[in-house]
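Let me begin by presenting the structure, written as structure tokens, before commenting on it.
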Amino acid sequence: MDYLQGLNQPQQDAVQHISGPLMIIAGAGSGKTRVLTYRTAHLIEKGVDPFQILLLTFTNKAAGEMRERIEKVIGNDAKNLWMGTFHSVFAKILRFDGKHLGYTSDFSIYDTDDSKSLIRSIVKERGLDDKIYKPNVVFNRISGAKNRLIGPDDYMNNPIISADDTAAKLPEMGKLYKIYATRCFQANAMDFDDLLFNTNLLFRDHPAVLDKYQRKFKYVMVDEFQDTNVSQYLIVKKLSDISRNLCVVGDDAQSIYAFRGASIDNILNLEKDYPNMTTIKLEQNYRSTQNIVEAANSIIAKNKNQLKKNVFTENEEGSLIELIKASSDNEEGRLVSTHIFESKMNLGLRNTDFAILYRTNAQSRTFEESLRKLNIKYRIIGGLSFYQRREIKDLLAYFRFVINQNDEEAFKRIINLPKRGIGDTTIAKITITAAEQQISVWEVVANIRQYQAGRFADTIEGFADLIKSFKIMVESQKKDAYEVASHIAKSSGLLRELHDDKTVEGLSRYENVQELLNSIKEFVDNPDTGTDEKNLATFLQNVSLMTTADEDDPDGDNDRVTMMTIHGAKGLEFNHVYVVGMEEDLFPSQMMLQSRADLEEERRLFYVAITRAEKKLMMSYAETRYQWGRLKPCEPSRFLDEIDPKYLQFAKNIRRAVEDTQRLPQGFVRMSNREQKMPDFNTPDTKTSVANLIRPSTSTRPAVTGSANTYKPSADFTPSDTKNLAEGDRVEHLKFGFGKVKKIDTNGTDRKAIIQFEGTIGEKTLLLSFAKLRIL
DNA sequence: GACGCTGGCGTTTTT
DNA sequence: CGCCAGCGTC
């Protein structure tokens, strides 16, 4: 047991604790991952079968990494551990045993978009006003109920909830919940909350099943316990009812998911439910400098609601926290990027040593721009992920529908894709028929003439045959997931449609679909991703339960600056950390304070941000920020006042960030006659410079950016814009280089220019609204 | 049913 | 500013 050598006393105690309930309160940077790793290894060395250990982590990636580390200690046995997120582990269990609740093993998983779309349909069908019954609001209420284990019937019979709904002017909520649940069930689909809710039902109503898993999982461990909700807690509690070998690791000071039902009460409940529980506190921080640890302590001390602990470090004192004041959000981007650039030069650091953390995903844009100008590679975690893009979701919907033909939301997505002439009216008829007759959409589609003799019967029969042929291919098992997937992509016409779209945007869509197919190939070829079958259904499940941190870099170049929200940074550490956007209303978030009046959670979030830093921490705020095209004045965050000033210092020697030569090429213009607004301060600002005119879109941004291939058209393109460009003009395009305008095509709705480019690129038809052109 | 235009509205964080 | 639902036209 060499691994005990490098551990301090409490860490050793935790590792060597074998039976009975155990709670580890682990301060930030106190080495909890090491403890969990070694404790698992230790259990196995003491003769526990890895099959009997269940380890629940916050991301699938964390599970994967921990599995690797455990493997290093105990070898191949680690493969047999059950590890993953709550959602992925219990989805797996529901695939086995969901039949007891009436689901087949092929059930679909609805993501938030699917859920909201279903709610929107239901609200419409019932003739309710969707301005009052906003899908968002309805969904949140349903989700909240499920997380408190309140089913639709309980919901309707609960006078307190009814009164609350009536007060909120949503008296139909109960009925909507009931219909929503029924429709999901009919579609053989579960949403994210259902995965936990149904696991609870399964364990509550089917003692034999519960018993099976209680015997299987003799040791249950939960990481990031402070972020579990009641539903999750009850699952682990039930599982460990017999063995009572429950081990949870968490830090109440880092609880940042109250908005989705996580509750510190779980920690208190645990003490009640397990009176003989051992509690171990890990208080020594190995990650950060003294200044950082103490500054973080000084912040979190303002919270009333917390467990007592004393986080300390024996690391060096380190430098002070630097504060950067910028005049605008764009200048903030420039200053931070320049600082990264100079730190790299002066200290010999790599891009991976840096992280930029912000409160909201939308803040990433200015940093993307400024980093790109300095040629610093970056990656963005979170935001709009690869798998949320339209073309990807479309193809995935095909897969979903082939595997589970009851999947109403997948059906709605693909029935008219590519265009088959089936409109909203026909789709609504089909889904309503299905709901009324209590049958699946497939039942209606496959026997369309029985239900509707309309003029679309032929088209729909054709569609049904197509799906049937795919289904046969999946079931024959002669072809692997990749072959099936690419067959579906081709035969559905999806790939062809994208291929025919010669716009820059269409091109990137096509590439994305190819990338998805590649990743399926990789999935099939990669030998060691657990013991599951390598079929399309497994791939789908992996994808739908992927956490944002799970997405990996597509290319081999991993030396990148990391940008993400503070929520996404949980559990990570970086040499240099920039916490940006330190402005009142943004952080702490105004929304948060309004809806929950809970400053303490925001403060914990701030605590999490600070404690990610190992050596250097910088914070920045802007005095003005662009919002909806307007400059908005900002106040510094109250959190800046809360830090003991002795840990703070204003950044000095920051040069004006970008030299003119490093700007994007001069002279590129947008083909628009719209006037540009000028900001009311004198620093040159990218908002009004050419950089802005060709800036990457926030919505089609790839998961990993830095390449210059995704730009989005302006939404406000008008016919007069084409006047700027004439046939015969010599132009330069940002991506394709120099060329000559052969023809301007103003027929139809798209205004296109056919341009002959020099070199091997050849002729391209460009939608003018993309405007990545410069007239020479 | 498809498509373009217009006006209203929005940004918290995530499985 | 940009998205998208809703409306009007073909």
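Quick note on labels: first sequence line is chain A, next is B, and so on, each numbered from 1.
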Side-chain N,O (A:Lys124) to OP1/OP2 (C:dG6) below 4.0 Å
yes
Nearest to side-chain heavy atoms of A:Phe259, which nucleotide of B:dT15, B:dG10, B:dT13:
B:dT13
Is any side-chain N or O of A:Thr426 closer than 4.0 Å to OP1 or OP2 of B:dG1?
yes
Taken to the nearest whole Å, CG/A:Asn140 to C1'/B:dT14 is 12 Å
Measure from the side-chain N and O atoms of A:Thr433 to the backbone N and O of A:Lys429, and report whether any donor-acceptor pair falls under 3.5 Å.
yes
Roughly, in whole Å, what's the span from CZ in A:Arg604 to C1' in B:dT12?
15 Å
Identify, between A:Ser88 and A:Lys131, the residue whose nearest nucleotide on DNA chain B lies closer to the 5' end.
A:Lys131
Expressed as a whole number of angstroms, how long is the span from A:Asp227:CG to B:dT13:P?
16 Å
Position toward the 5' end of DNA chain B (nearest nucleotide), A:Asn416 or A:His567
A:Asn416
Below 4.0 angstrom from OP1 or OP2 of B:dT15, is there any side-chain N or O of A:Asn229?
no
To the nearest Å, give me how far apart CD1 (A:Ile109) and P (B:dT14) are.
19 Å
Base, sugar-phosphate, or nothing for A:Asp130, non-hydrogen atoms under 4.0 angstrom?
sugar-phosphate
So if I take every side-chain heavy atom of A:Thr85 and compare against C:dA5, B:dT15, B:dT12, which nucleotide ends up nearest?
B:dT15
Phosphate oxygens OP1/OP2 of B:dT13: is one of them under 4.0 Å from a side-chain N or O of A:Asn361?
yes
Ignoring backbone atoms, test whether A:Thr565 places a side-chain nitrogen or oxygen under 4.0 Å from the OP1 or OP2 oxygen of B:dT14.
yes
For the side chain of A:Arg260 and the base of B:dT15, is some donor closer than 3.5 Å to an acceptor across the two?
no
Roughly, in whole Å, what's the span from CZ in A:Phe197 to C1' in B:dT15?
17 Å
Is the A:Tyr103 ring parallel, tilted or perpendicular to the A:Phe107 ring (thresholds 30°, 60°)?
perpendicular
Looking only at atom types and distance, does a side-chain atom of A:Ser637 sit under 3.5 Å from a main-chain N or O of A:Phe587, one as donor and one as acceptor?
yes
Checking all strands, does A:Tyr257 fall into the base, sugar-phosphate, or nothing category for heavy-atom contacts under 4.0 angstrom?
sugar-phosphate
Could you tell me the separation between the CG atom of A:Asn136 and the C1' atom of C:dC4, rounded to a whole number of Å?
14 Å
Touch class at under 4.0 angstrom, heavy-atom based, for A:Leu605 against every strand present:
nothing
Interatomic distance, A:Arg359 CZ vs B:dT12 P [rounded to whole Å]
9 Å
With a distance cut-off below 6.0 Å to the six-membered ring centre and an angular limit of 45° from the axis, does A:Arg604 pair with A:Tyr607 as a cation-pi contact?
no
Under 3.5 Å donor-acceptor, A:Arg612 side chain and A:Leu572 backbone:
yes
Whole angstroms only, please: what is the NZ-P distance between A:Lys116 and B:dT15?
14 Å
Measuring to OP1 and OP2 of B:dG1, would you say a side-chain N or O of A:Thr425 lies under 4.0 angstrom away?
yes
Under 3.5 Å donor-acceptor, A:Ser117 side chain and A:Asp113 backbone
no
Out of B:dC3, B:dT14, B:dT15, whichever nucleotide has its closest atom nearest the side chain of A:Lys419
B:dC3
Regarding the side chain of A:Lys134, the nearest nucleotide among B:dT12, B:dT15, B:dG10 is B:dG10
